[in-house]
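Encoded as structure tokens, the structure appears first; notes follow it.
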Amino acid sequence: MDSSLHEVWLAAAGSPFLPAVGKDSQFLVGFVLLLLGVSATGVFALNRSLVNVFAVGIPASLALAYGVVYMFCAVGVYV
């Protein structure tokens, strides 16, 4: 299927992008994710086992990573 760029542009104009987290609430979401990540990291530090790596450690690192990204986007610094 070979469509021109103009056709793709016109098709995309009918469906605007709506982000999952609005611009006004990015700071709150980022701050909550950072707090959740830091507290989960503390729980993981108290009881380090192989089960807790998957149950607490990986979700904590993901919460920290997404929290930092949302915090930077909320203040206008894009990474």
Show me the side-chain donor-acceptor pairs of residues 50-57 shorter than 3.5 Å, one per line, residues at least two apart or across chains.
from, atom 1, to, atom 2, distance (Å)
Asn52, ND2, Asn47, O, 2.6

One should read off an interatomic distance between Leu36 CG and Phe31 CZ, to the nearest 0.5 angstrom, of 12.0 Å

Sequence neighbours excluded, the answer for side-chain contact (heavy atoms from CB on, under 4.5 Å) partners of Ala63 is Leu33

Would you tabulate the side-chain donor-acceptor contacts of residues 12-19 under 3.5 Å, counting partners in other chains and residues two or more places apart, or write 'none'?
none

Under a side-chain separation threshold of 4.5 Å, the hydrophobic residues clustered together with Leu28 are Val32

Residues passing the side-chain contact (heavy atoms from CB on, under 4.5 Å) test with Ser25, sequence neighbours excluded, are Val21

Rounded to the nearest 0.5 angstrom, the CZ-OG distance for Phe44 and Ser49 is 7.5 Å

